[in-house]
2 protein chains.
Amino acid sequence: MTAVWQCQGVKSPAAPSGAVRQGNLRELNLALVLGRIAAARRPPSRAALAADTGLTRATVSAVVEDLVSGRLVTEADPTPRAGAGRPARGLVLADDGPAGLGLEINVDYLAACVIDLAGQVRHHTVHRVDLRPVSPADALSRLAGLAGRARADAEARGLTLVGAALGVPGLVDDAGRVRLAPNLGWRDVPVPALLAGHPPLTERVAGVPSLVVDNEANLAALGELHAGAAPGSFLHISGEVGIGAGIVLDGALFRGTRGWSGEIGHIPVRPDGPTCRCGGRGCLELYAGQEAILSAAGLVGADLPADRASTRLTELAAAEHPAVLRALTEAGTAIGVTVASVVNLLDLDTVVLGGGYAPLTGWLRPPVLAEIERRVLTAAWSPVTVRPATLGATAAAVGAAGSVVRRIIARPGGWLARL
Amino acid sequence: MTAVWQCQGVKSPAAPSGAVRQGNLRELNLALVLGRIAAARRPPSRAALAADTGLTRATVSAVVEDLVSGRLVTEADPTPRAGAGRPARGLVLADDGPAGLGLEINVDYLAACVIDLAGQVRHHTVHRVDLRPVSPADALSRLAGLAGRARADAEARGLTLVGAALGVPGLVDDAGRVRLAPNLGWRDVPVPALLAGHPPLTERVAGVPSLVVDNEANLAALGELHAGAAPGSFLHISGEVGIGAGIVLDGALFRGTRGWSGEIGHIPVRPDGPTCRCGGRGCLELYAGQEAILSAAGLVGADLPADRASTRLTELAAAEHPAVLRALTEAGTAIGVTVASVVNLLDLDTVVLGGGYAPLTGWLRPPVLAEIERRVLTAAWSPVTVRPATLGATAAAVGAAGSVVRRIIARPGGWLARL
DNA sequence: GTCATTTAATTCAACCACTGAACAAATTGC
DNA sequence: GCAATTTGTTCAGTGGTTGAATTAAATGAC
């Protein structure tokens, strides 16, 4: 592995020129076939892939041979099938080839996980620590320690890490610099520079930059997308200390002009409401942020660590604690007003409640739906589904690792050329 | 021309399977080269296209030959260039090949226009008539008359109409049915069926369905996109009797799950405000719709026809009429609150004020910018530009015609195979 | 005015990847 | 055991791109 140091933000590394040259032709079909294998519910045969993609069986065979010899695909046990005919050999994504490293820095924990090409979590560590009093350099140093152990573990399992993605609760620019992470107390933190001395995160494998820094809400949304249950377009709302959102449109994360989309926490709910620390007035965060809910529920000063607060809320809600139920209804109403705006604007049919909201979905959903019903022009014809996220609390780390392997699936050429 | 009748809504006709077969290869490169010619600011040479696309000059020459013989591209007068060397032959889009027919039905006018491949408006008719008392069937019949004359005119100029797009101020479903057009008083109008007897709109040319029905705000945004001044992503707000928006993301219109995106007029500005006729409360339309502005300016009951209202407002604003200035500031503030939500959500850097708002931009921009400044989390690092639309009042018709020719540019194979 | 230089565009043999048909392989069912 | 069926591979053929050589058409120096 060449030790070319590179680290960057969310912009795609090499802008695809769009030219279809002869060489690209094979690459496109490699990606096409690999993508279908990844998307299939059960291991497809070469013949099924040919029928699915429109390519001939001969071409599919050739493409699959490349994929198998490149350790991206393996043949599964023959899938039993009814009727006559030679039995098909099922194709599945390899579980001993490239893998992705997902990292997360949040207010009260660090996390690292490794996901193989098939999407299985092969390693997962969470290190609970309050990072607010810790300097960014120190926090990243500890994270690099976690990453090193994750890498060693992955390699012991025969996996090859091809890159890492790091989620942070804040705004990240093109260069991987954290411009602002209010709840972490970070401002203008040059993550790439601070990680320069940590080899596990600064190598370049198969042409892929070793580390991409991204917003945790974006990565959590990607995780939910690849977890499969979500459709092509949805809004994923992460309710943590702040409120972030990831917007998935037609199967791809929409990042906006500068990568700062999804700042749903500062959408005005009551334009004349109280002043928010962002400078605006009546932001959603003031009505549905963790502090707002705790305060409305009369739990302020209970001195709960951030990760306990959500659990405690769920317990009290389950016990039908009146103030908590009221607080959740209020928060749900505020979320509903905001979601109504989003649905009017983007015509999405699915809203996923993630992060701290996920376990509270049962109580948040009714007021959210009520506001949608009332305020969305097209609500009568197009129902909106509100459902909890399927990934747990560390969805961002899982999504981060998933984004790395997805990059291999979307563009296998780089990995295959590495050999 | 075969007289296969087909008419549809906004869904793309043939879902591209994504397979890159050998035949598709040429088609993709035809589209690539043609797209670059269309996007270029000055006529590019074959050599420049080769450098631009990454294809070899030999391939570009072959592709260009196909395009020229298919009447999609013509050679322009050689562009003068400094320095030595054989002079380049510039390539431009043909102005005598395929063309698009754009149609619009609005509250108080019908419009038809023809645009050639190069984007030039070659025919334009506006027929002023209050359509509220007219039945949908009658309105469409009159529109078909306009379309027939436009077609005859276009053919007299040597153009071949390859399709038409129709903009209506309402929600359109996949089948081209107008589900709801409140200001027109339409509900569940089956446009395709009502046009069945009008040949100019029901033929199928070069495999393209002859008529696509779409929301006028969407088409106006597309028009603005192709007019060139706008960047890849922007929000286009059409201020007519209602308020609609077209959302352009990465150079493509974003339509949402069902094609009903952009209903910005019913985004709640004050969730506890007065009830809107949509059933919601405090919708933007109640603060920045045409009626709201006129009423706030004390011009209600002046019995102005809809098309005069905007002009009158501009005159009075220019004369610094105090009530009008106050009304525009209020409207601008409401728009600003909404736009702040959109920018927080999507991180767009450009907002285009279109329709009736365009001439009022001078007065609307300051309050809009003030709200953005105050409420957008990233405003400090990323300025948002608010500018008037460059197309006039009939942007939707122009955008509609443009969408037809753009389809040819994006997929020239169909047109070329027709020969 | 001639000629080297420079850039544009075309020609052509080579090659790459896909195509389609024929064939081999592996199973079911009668 | 044999026909039927489906999977997967082999192989000559072909379409389209490639890259180098060639032709074309200008500028600029001497």
Side-chain angles (χ1 to χ4, degrees), chain A residues 17-33 37 40 42-69 73-91 412-413 416-417, chain B residues 17-33 37 40 42-69 73-91 412-413 416-417:
Chain A
S17 82
V20 188
R21 307 184 47 148
Q22 195 118 33
N24 300 26
L25 186 56
R26 189 50 170 278
E27 197 169 330
L28 286 169
N29 283 331
L30 285 166
L32 177 68
V33 170
I37 293 174
R42 64 191 65 221
S45 66
R46 291 166 175 78
L49 286 168
D52 189 21
T53 59
L55 298 167
T56 61
R57 284 182 317 209
T59 304
V60 170
S61 277
V63 166
V64 166
E65 195 186 324
D66 280 5
L67 294 174
V68 169
S69 72
V73 164
T74 50
E75 293 197 338
D77 288 341
T79 316
R81 177 180 44 77
R86 170 176 167 174
R89 276 184 287 175
L91 298 167
L416 294 175
Chain B
S17 81
V20 189
R21 307 185 47 150
Q22 193 117 29
N24 301 27
L25 188 56
R26 190 50 170 278
E27 197 169 330
L28 287 168
N29 282 331
L30 285 166
L32 176 67
V33 170
I37 294 173
R42 64 191 64 222
S45 65
R46 291 166 176 77
L49 286 168
D52 189 21
T53 59
L55 298 167
T56 61
R57 284 176 308 189
T59 304
V60 171
S61 278
V63 167
V64 166
E65 195 185 325
D66 280 6
L67 293 173
V68 169
S69 72
V73 164
T74 50
E75 293 197 337
D77 289 341
T79 316
R81 177 180 42 76
R86 170 176 168 175
R89 276 184 289 173
L91 298 167
L416 294 175

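Quick note: numbers below take in every heavy atom, side chains included, and nothing from hydrogens, waters or symmetry partners. Each chain gets a letter, A, B and so on, in the order its sequence line appears, and its residues count up from 1.
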*asked:* If the cut-off is 4.0 Å, is Asn29(A) near the phosphate of dA17(C), judged by side-chain N/O to OP1 or OP2?
replied: no

*Between dG20(C) and Thr56(A), is there an OP1 or OP2 to side-chain N/O distance shorter than 4.0 Å?*
no

*Would you say Glu65(B) has more than 12 foreign heavy atoms packed within less than 6.0 Å of its CD?*
no

*Name the closest nucleotide to the Arg46(B) side chain, picking from dT19(C), dA9(C), dA26(C).*
dA9(C)

*Could you please name the option among dT10(C), dT7(D), dA17(C) that lies closest to any side-chain atom of Leu25(A)?*
dA17(C)

_Per Leu55(A) side chain, nearest of listed nucleotides dA9(C), dT17(D), dT19(C)_ = dT19(C)

*asked:* Rounded to whole Å, how long is the line connecting atom CD of Glu75(A) with atom P of dA26(C)?
replied: 13 Å

*asked:* So, OP1 or OP2 of dC16(C): does either fall under 4.0 Å of a side-chain N or O from Arg26(A)?
replied: no

*Under 4.0 Å between a side-chain N/O of Ser61(B) and OP1 or OP2 of dA9(C), yes or no?*
no

*Is any N or O donor-acceptor pair between the side chain of Arg57(A) and the base of dG8(D) shorter than 3.5 Å?*
yes

*asked:* Considering every strand and a 4.0 Å limit on heavy-atom distances, what is the contact class for Ala58(B): base, sugar-phosphate, or nothing?
replied: base

*Please state whether the base of dA8(C) and the side chain of Arg86(B) form at least one donor-acceptor pair under 3.5 Å?*
yes

*Does Ser45(B) have a side-chain nitrogen or oxygen under 4.0 Å from the phosphate oxygens OP1 or OP2 of dA9(C)?*
yes

*In whole angstrom, what separates Leu30(B)'s CG from dG15(D)'s C1'?*
13 Å

